[in-house]
Amino acid sequence: MQPLPETFYDQPTLELARSLLGCVLVNETEEGNTSGYIVETEAYLGATDRAAHSFQNRRTKRTEIMFGKAGMVYTYTMHTHCLVNVVSGEIGQPEAVLIRAVEPKQGLHLMEKRRPVTKIENLTSGPGKLTKAMGISTADYGRSFLEPPLYIAEGFTPDSITQGKRIGIHNSGEAKDYPYRFWITGNKFVSK
DNA sequence: GTCGAGATTGACT
DNA sequence: GTCAATCTCGACT
């Protein structure tokens with residue numbers, strides 16, 4: 001499986017968020033390899049998006065990576081969980097795409113070992129769930145999706161894509177109603 | 001050094 | 001619907 005080329009990330013963040021649907025997220029670890037089709041994403045446009053960590057180009061130690069090159073890995077700890085983003089936009093533009101859900105492809109047994117569930121559709125149907133199932137952590141912060149062990153490869157073209165409001169952002173004024181969320185219509189691994 | 005907030009999840013009323 | 005778990009970082013003393 002080949003990582004997608006650098007040119008794939010050379011497109012506007014909202015288009016990248018849409019393009020990532022159907023692509024394969026791969027993580028190679030000592031325990032084994034896991035991969036899954038990306039079925040849900042959210043765009044964060046730092047300069048104007050109040051819900052983004054980098055709102056109004058706020059540059060901190062944590063958001064630093066968002067100002068860098070598209071295709072970098074931005075991981076972030078939220079309460080007890082870890083979230084994973086793909087950095088987007090030109091250098092100097094703090095934009096990123098949050099990977100909210102994947103559909104398991106390879107390493108199903110390993111994912112279930114890391115995150116025991118009764119229903120398979122609960123395994124990776126949320127941003128904190130998929131990182132645990134695939135073994136992604138804050139140690140991956142600053143890596144590149146262009147090369148192993150953590151990378152994104154070509155998958156399939158979704159039949160139908162739905163666009164809507166983002167989830168789980170509170171007290172963000174108008175930003176909470178921005179239609180920056182994309183998911184594959186009808187896929188059961190999309191979060192609620 | 002201490003305090004508060006948060007791009008979530010799972011359990012419970 | 002509500003709420004706590006538990007960690008990192010930024011702001012302040």
Side-chain angles (χ1 to χ4, degrees), chain A residues 12-18 20-21 25 27 36 38-68 70-89 93-104 111-143 145 150 152 162-184 187-192:
Chain A
T13 300
L14 287 171
E15 285 179 31
L16 180 64
R18 181 185 287 263
L20 281 167
L21 295 177
L25 178 65
N27 193 24
I38 297 170
V39 299
E40 182 181 359
T41 60
E42 279 181 11
Y44 285 87
L45 277 47
T48 57
D49 183 356
R50 196 170 150 189
H53 295 152
S54 54
F55 177 54
Q56 288 182 337
N57 295 319
R58 194 167 121 89
R59 185 191 285 249
T60 66
K61 193 174 171 183
R62 186 172 64 188
T63 63
E64 181 67 34
I65 194 75
M66 293 178 76
F67 291 82
M72 302 296 282
V73 180
Y74 174 35
T75 52
Y76 168 69
T77 306
M78 181 61 189
H79 293 90
T80 56
H81 306 280
C82 180
L83 281 60
V84 62
N85 299 251
V86 183
V87 174
S88 178
Q93 289 178 234
E95 304 184 352
V97 178
L98 169 67
I99 299 175
R100 282 197 63 90
V102 303
E103 176 178 334
M111 290 195 213
E112 288 187 297
K113 183 180 156 194
R114 285 174 177 147
R115 212 186 110 72
V117 288
T118 50
K119 291 182 186 171
I120 188 69
E121 56 263 40
N122 284 336
L123 191 57
T124 54
S125 57
K129 299 178 186 179
L130 76 91
T131 54
K132 185 172 183 191
M134 294 188 65
I136 297 169
S137 73
T138 51
D140 296 303
Y141 178 94
R143 281 215 169 102
F145 280 114
L150 181 60
I152 293 172
T162 308
Q163 179 171 0
K165 294 200 284 192
R166 289 177 296 186
I167 290 181
I169 46 180
H170 164 72
N171 268 354
S172 300
E174 288 186 352
K176 73 181 196 297
D177 292 325
Y178 292 172
Y180 290 172
R181 176 175 172 240
F182 301 88
W183 67 95
I184 295 179
N187 188 286
K188 66 180 177 181
F189 292 94
V190 171
S191 63
K192 290 177 292 188

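Lettering of chains follows the sequences in order, A, B, ..., and the numbering in each one begins at 1. Every value quoted in this text rests on a predicted model; they were computed, and no experiment measured them.
- Ring-to-base geometry places A:Y44 in a stacked arrangement with B:dA7 (centre distance under 5.5 Å, plane angle under 30°).
- Within the 4.0 Å cut-off from OP1 or OP2 of C:dT8, not a single side-chain nitrogen or oxygen of A:K61 is found.
- Under the 6.0 Å distance and 45° angle rule, A:R166 counts as a cation-pi partner of A:Y44.
- An OP1 or OP2 oxygen of B:dT9 is reached within less than 4.0 angstrom by no side-chain nitrogen or oxygen of A:T80.
- Taking atom CE on A:M78 and atom C1' on C:dA5, their separation rounds to 12 Å, with Å as the unit.
- Judged by Watson-Crick or G-U wobble contacts below 3.5 Å, the nucleotide B:dA7 has no partner.
- Note: CD (A:E64) to C1' (C:dC9) measures 14 Å, nearest angstrom.
- The shortest distance between the side-chain N/O atoms of A:R100 and the OP1/OP2 oxygens of B:dT8 is below 4.0 Å.
- A donor-acceptor distance shorter than 3.5 angstrom exists from the side chain of A:T60 to the backbone of A:T63, with no hydrogens or angles considered.
- The separation between A:I65 atom CD1 and C:dT8 atom C1' is 17 Å, rounded to whole Å.
- Pairing of C:dT6, defined by two Watson-Crick or G-U wobble distances under 3.5 Å, is not identified with any nucleotide.
- Side-chain contact between A:P94 and A:R59 is absent, with no heavy-atom pair separated by less than 4.5 Å.
- Counting to the nearest Å, the P atom of B:dG6 and the CZ atom of A:R50 are 10 Å from each other.
- Taking atom CZ on A:R59 and atom C1' on C:dC9, their separation rounds to 17 Å, with Å as the unit.
- Each of A:H81 and A:T138 was assigned the nucleotide of DNA chain C with the nearest heavy atom; the assignment lying further toward the 5' end belongs to A:H81.
- A:I169 places its CD1 atom 12 Å from the C1' atom of B:dG6, with the value rounded to the nearest Å.
- Here the closest heavy-atom approach between residue A:I65 and residue A:G142 is recorded as CD1-CA, 3.8 Å.
- A residue-by-residue look at A:S172 and A:R115 shows that A:S172 has its nearest nucleotide of DNA chain B further toward the 5' end.
- Here A:H53 lies in heavy-atom contact (under 4.0 Å) with a base.
- Close to C:dC7, at under 4.0 Å from its OP1 or OP2, lies no side-chain N or O of A:R62.
- When rounded to the nearest whole Å, the span between OH of A:Y74 and C1' of B:dG6 equals 11 Å.
- Listed pair A:H79 / C:dA4 fails the phosphate criterion, with no side-chain N or O lying under 4.0 Å from OP1 or OP2.
- OP1 and OP2 of B:dT8 both lie 4.0 Å or more from every side-chain N or O belonging to A:R166.
- Across all strands, A:R58 comes closer than 4.0 Å only to sugar-phosphate atoms, never to a base (heavy-atom distances).
- We find that CG of A:L83 is positioned 11 Å from C1' of B:dT9, with the value rounded to whole Å.
- The nucleotide whose nearest atom lies closest to any side-chain atom of A:N85 is, among C:dG10, B:dT8, B:dA7, B:dA7.
- With hydrogens and angles disregarded, a donor-acceptor distance shorter than 3.5 Å links the side chain of A:R115 to the backbone of A:N122.
- Side-chain atoms of A:L20 and A:I152, non-hydrogen and from C-beta on, do get closer than 4.5 Å to each other.
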